[in-house]
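For the single chain, residues carry numbers from 1 onward in sequence order. Note that the coordinates shown come from a computational prediction; the quantities given were computed from them, not determined experimentally.
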Amino acid sequence: MNDIAAAPRIEAEFVAAANARLSAALEDEYGALGRTLSRRGIDIETITNAVSRFVVAAPSWAVGTGGTRFARFPGSGEPHNVFEKMDDCAVVNRLTAATPVVSLHFPWDATSDYKELREYAGSIGLSFGPVNSNTFQDSPGQKLSYKFGSLSHTDAAVRAQAVAHNLDCIRIGGILGARALSIWIGDGANFPGQQHIARAFDRYIESCRQIYAGLPDDWRLFTEHKLYEPAFYTTVIQDWGSSLLAAQALGPKAFCLVDLGHHAPTTNIEMIVTRLIAVGKLGGFHFNDSKYGDDDLDSGSIDPYRLFLVFNELVDAEWRKVPGFAPAHMLDQSHNVTDPIESLLASTIELQRAYAQALLVDRAALAGFQEANDALMATQTLKHAFTTDVQPILAMARRRKGGAVDPIACYRTSGYRQAVTARRPASRAGGGGIV
Ligand code: RM4
Ligand code: MN
Ligand code: MN
């Protein structure tokens, strides 16, 4: 339970005052960009309106400072419970006006009264997106260990415990108003021969069938693949092929979740995205960026062009009016050296930037170049959109929804971090942390 009245906030009036100081410059830059785009046959308002509609779920686990396998260096004013996490998420939404949805992780976000949590979130402008189950670590009080797996464990009792946890996540999600469950498991093997690869997959499917049977009709189930880690030799849901086989085996409410960091460094992720769209099984994304592995770095921080190419496929699907196309957008990041709120602000902006740039692609021209096998002009068409500075569109979309023209600057002058630092006791440093 949190004291609503006492919790630090960034008020709408504060944002409006900060915006007022930047307003003349924004109008000027927006007008200039509008004229540039109009010469290219693009109506800037159409793009701004589409960006305004863009929503991404903030991950509750990303407002605290993460860690690596080696250490966790706590930040100041870290949230200690799900209510405080909501307060931080509300700041991200206040400033970006694009993250009104929060994705929770259980049992990390467990609390005694979920109705109260839903009401609290609602009172600060938030609702709940996909809930995540956690059977990749042992939680205090848990009867059986997940050391050798969970949903695919050789022991039926461990599998039953993992299934029960997922069903509990659905129950909690129901109270919170969520409509999707994301399943990522750490199951797999560290050594060749450790595990019967085929049987482990069969056991996973069998367990997921039991979870699927408990899924309400208006819910979706997302299966998330990951190349490696914590299992280093083979994971049970290693790639999008395994994820797709699982989703197809489960039924029409099961879809694949693409976490951008869960592939080998050279994998063509946008191609995976198009394949999943083609078979109607793209459930959504965990956005982040990476250089080497599951780095969980801020979205667009390493390879913004790749992010753009992913959004290019999403916009293409929108443009083709692919039936039932409604991927859930979520962030999944770990913030080790930055203020987590600032990383979430920056990442949300980067997603909107990639989306806006993808909306600028001249798709008729591109199709012509593709038909004519004009490789150079086809790729130039993409580059032309990608190199357009869409900053004024993003700022205008935010301002119209009550967000900040310059979210990070506004956050830094708000004193929010100092205010929560004074209220929230410092957390422990030390051992590694998974998020
Ligand atoms: C995993 C995976 C899951 C996330 C955990 C914390 O690598 O990305 O989605 O819930 O990390
Ligand atoms: Mn993920
Ligand atoms: Mn991950």
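- Remark: the D332 side chain and the N288 side chain contain no N/O donor-acceptor pair separated by less than 3.5 Å.
- No donor-acceptor contact under 3.5 angstrom links the side chains of T96 and T348, judged on distance only.
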Apply side chain to side chain donor-acceptor pair (under 3.5 Å) to residues Y30 and T48 and explain how you reach the verdict. CA-CA 10 Å; Y30 189 77; T48 308; 2.7 Å; yes
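- The minimum heavy-atom distance linking P252 with K281 is given by the pair CA-NZ, 4.1 Å.
- Taking the six-membered ring where the residue is Trp, F308 and Y305 present parallel rings, their angle staying beneath 30° rather than reaching 60°.
- Residues P327 and L282 approach most closely at CB-CD2, 4.1 Å, considering heavy atoms.
- Not counting sequence neighbours, the partners of R399 by the side chain to side chain donor-acceptor pair (under 3.5 Å) test are S23, E27.
- A salt bridge between K85 and D88 is absent, with no side-chain N of the basic residue lying under 4.0 Å from a carboxylate O of the acidic one.
- Heavy-atom minimum distance, H105 versus S60: N-OG, 3.8 Å.
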Please determine whether side chain to side chain donor-acceptor pair (under 3.5 Å) holds for the pair D43 and T46, giving the CA-CA distance in whole Å, both sets of side-chain angles, and the decisive distance to 0.1 Å. CA-CA 6 Å; D43 170 29; T46 309; 2.9 Å; yes
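- No donor-acceptor pair closer than 3.5 Å links the side chain of S76 to the backbone N or O of T421.
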Go through the steps to decide whether D217 and K253 satisfy the test salt bridge (charged side-chain N to carboxylate O under 4.0 Å, His left out), and finish with yes or no. CA-CA 8 Å; D217 282 345; K253 291 183 283 182; 3.6 Å; yes
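- When each of E350, Q333, R353 is checked for a side chain to side chain donor-acceptor pair (under 3.5 Å) with S299, only Q333 meets the rule.
- The shortest non-hydrogen separation linking V91 to Y411 is CG1-CD1, 3.9 Å.
- Ring geometry for F311 versus Y355: interplanar angle of 30 to 60°, hence tilted.
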Go through V92 and L345 one step at a time and tell me if the side chain to side chain contact (heavy atoms under 4.5 Å, CB included) criterion holds. CA-CA 6 Å; V92 179; L345 295 173; 4.1 Å; yes
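- Using cut-offs of 30° and 60° on the angle between ring planes, the pair W108 and F136 is perpendicular.
- Nearest heavy-atom pair across R159 and L151 is CD-O, 3.3 Å.
- When every heavy atom of G66 is checked against every heavy atom of S334, the shortest pair comes out as CA-OG, 3.6 Å.
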Could you give me the CA-CA distance, side-chain angles and deciding distance for I47 and V390, then say whether side chain to side chain contact (heavy atoms under 4.5 Å, CB included) is met? CA-CA 10 Å; I47 310 294; V390 296; over 6 Å; no
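- Side-chain atoms of H225 and I237, non-hydrogen and from C-beta on, do get closer than 4.5 Å to each other.
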Start with the C-alpha distance between D316 and R363, add both sets of side-chain angles, then the distance that settles side chain to side chain contact (heavy atoms under 4.5 Å, CB included), and finish with yes or no. CA-CA 8 Å; D316 186 73; R363 290 188 191 273; 3.6 Å; yes
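- Residue R412 qualifies as open at atom CZ: its count of foreign heavy atoms under 6.0 Å is 12 or below.
- Between H329 and F287, the two ring planes are tilted [angle within 30° to 60°].
- A salt bridge links R306 with D289; the closest basic N to acidic carboxylate O contact falls under 4.0 Å.
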